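Quick caveat, the model's predicted, so the values are computed rather than measured. Every heavy atom of this structure was used, including side-chain atoms; hydrogens, water molecules and symmetry mates were not.
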Amino acid sequence: ILEDKDGYLWVGTWGHGLQKFDQQKRLVHKFENDPSDPTSLFDNGINFIFQEQEDTLWICTNRGIGVFDVRTQKFSKFHPTEMFASLDTSRVMHILNDNGLKWISTRGNGLFRYDANSNDVKHYIPDPGDPGSIGTKDLLKIHKDKSGTLWFGSWEGGLNRLDPGTDQFRHYLGGYNILSFYEDKEL
């Protein structure tokens, strides 16, 4: 669920697309896949919604990332480089914008870091020969804590923490499913 800057609630559903709820008028507008319309939502399973600009929503689905233009009410696929072509078949679970970098977690295809300024993409996947590599390809959530450290929750791969200085990961709670984060004021 995302509340945009105009007060609309955007609700991602599993199998019923994207719902826009006007809290003032108590109206719901549905956006679903229409196979005959290439500018419609391309997958009805929504995992996460992210608003980067006032008129743009990023929609994480089981078939990649959609970018929704609020003004035109049209969707487009996000894959600015060939490296992102593999995202079209990935279950994209979460996006975090971090000082111009987009961190994109997937279930089954690891982690992507995208720099829009340079169009640079880095793909993180487990490497059994490197204990500092990310611990799993099944990433669910991303959290940036108050100190600026990035944490990645996973399916059965526990918690992965990225050291930005070395670009290496530390692993915690191996075997656990990490579905959400909450950081209290004491940390």
**Student:** Indicate yes or no: at least one non-hydrogen side-chain atom of F112 is less than 4.5 angstrom from one of V121.
**Tutor:** yes
**Student:** Working to the nearest 0.5 Å, report the span between OG of S154 and NZ of K141.
**Tutor:** 13.0 Å
**Student:** Give, for atom CG of L57 and atom CG of L2, the distance between the pair rounded to the nearest 0.5 Å.
**Tutor:** 6.5 Å
**Student:** Dump the intermediate steps for side chain to side chain contact (heavy atoms under 4.5 Å, CB included) on V70 and Q51, then the final yes or no.
**Tutor:** CA-CA 10 Å; V70 174; Q51 184 174 23; 5.7 Å; no
**Student:** Between W151 and F181, does the ring centre distance come in under 6.0 Å?
**Tutor:** no
**Student:** I104, F50: one ILVMFWY side-chain cluster at the under-4.5 Å cut-off?
**Tutor:** yes
**Student:** Are any non-hydrogen side-chain atoms of L96 and L150 less than 4.5 angstrom apart?
**Tutor:** yes
**Student:** Can you name the nearest heavy-atom pair linking M93 to L140, along with the distance?
**Tutor:** CB-O, 3.4 Å
**Student:** Please report the shortest heavy-atom distance between K137 and P126, naming the atom on each side.
**Tutor:** CG-CD, 3.5 Å
**Student:** Which atoms form the tightest heavy-atom contact between I125 and G110, and what is the distance?
**Tutor:** CG2-CA, 4.4 Å
**Student:** Is the side chain of K146 donor-acceptor paired with the backbone N or O of D184 at a distance under 3.5 Å, no angle test?
**Tutor:** yes
**Student:** Could you measure the distance from the CD1 atom of I142 to the NZ atom of K102? Nearest 0.5 Å is fine.
**Tutor:** 12.0 Å
**Student:** Taking all heavy atoms of I49 and all of V11, pick out the closest pair and write down the distance.
**Tutor:** CD1-C, 3.9 Å
**Student:** Decide whether F75 and I65 are clustered together by the hydrophobic rule: side chain heavy atoms of Ile, Leu, Val, Met, Phe, Trp, Tyr closer than 4.5 Å, transitively.
**Tutor:** no
**Student:** Which one of T106, N62, D43, N109 satisfies the side chain to side chain contact (heavy atoms under 4.5 Å, CB included) criterion with R91?
**Tutor:** N62
**Student:** Any donor and acceptor pair, going by atom type alone, linking the side chain of T39 with main-chain N or O of K74 inside 3.5 Å?
**Tutor:** no
**Student:** Regarding K144 and the six-membered ring of W103, is the cationic atom NZ or CZ under 6.0 Å from the ring centre and inside 45° of its axis?
**Tutor:** no
**Student:** Can you get from I95 to Y114 by hopping between Ile, Leu, Val, Met, Phe, Trp and Tyr side chains that sit under 4.5 Å apart?
**Tutor:** yes
**Student:** Could you check whether any side-chain heavy atom of W14 comes within less than 4.5 Å of a side-chain heavy atom of N47, counting everything from C-beta outward?
**Tutor:** yes
**Student:** As a quick check of understanding, evaluate ring pair (Phe, Tyr, Trp, His ring centres under 6.0 Å) for F152 and Y124, giving each step before the final call.
**Tutor:** CA-CA 12 Å; F152 303 90; Y124 296 88; 7.8 Å; no
**Student:** For a 4.5 angstrom cut-off between non-hydrogen side-chain atoms, does L111 reach L162?
**Tutor:** no
**Student:** Is it possible for you to say whether L159 and I134 belong to one hydrophobic cluster, with membership spreading through side-chain heavy-atom contacts below 4.5 Å?
**Tutor:** no
**Student:** Please identify which of these residues, F78, W10, W58, F42, meets the ring pair (Phe, Tyr, Trp, His ring centres under 6.0 Å) condition with F68.
**Tutor:** W10
**Student:** If you look at every heavy atom in N160 and G135, which pair is closest and at what distance?
**Tutor:** OD1-N, 2.9 Å
**Student:** Using distance only, find each side-chain donor-acceptor pair of residues 23-33 under 3.5 Å and give its atom names and separation, not counting sequence neighbours.
**Tutor:**
residue : atom : partner : partner atom : Å
Q23     : NE2  : E3      : OE2          : 3.3
Q23     : NE2  : G7      : O            : 2.5
N33     : ND2  : L41     : O            : 2.8

**Student:** Can you name the closest pair of heavy atoms from P131 and H171 and give their distance?
**Tutor:** O-CE1, 3.3 Å
**Student:** Does Y8 reach the side chain of D22, with side-chain heavy atoms less than 4.5 Å apart?
**Tutor:** yes
**Student:** Given the rule in the side chain to side chain contact (heavy atoms under 4.5 Å, CB included) test, do N44 and T13 qualify, once you have shown the distances and angles that lead to the verdict?
**Tutor:** CA-CA 7 Å; N44 288 328; T13 69; over 6 Å; no
**Student:** First locate atom CG of L101, then atom CZ of R113, and finally report the distance between them rounded to the nearest 0.5 Å.
**Tutor:** 6.0 Å
**Student:** Return all side-chain donor-acceptor pairs below 3.5 angstrom for residues 172-180, not counting sequence neighbours, or 'none' if the list is empty.
**Tutor:**
residue : atom : partner : partner atom : Å
N177    : OD1  : E156    : N            : 2.6

**Student:** Quick one: does T136's side chain have a donor or acceptor within less than 3.5 Å of a partner on G157's backbone?
**Tutor:** no
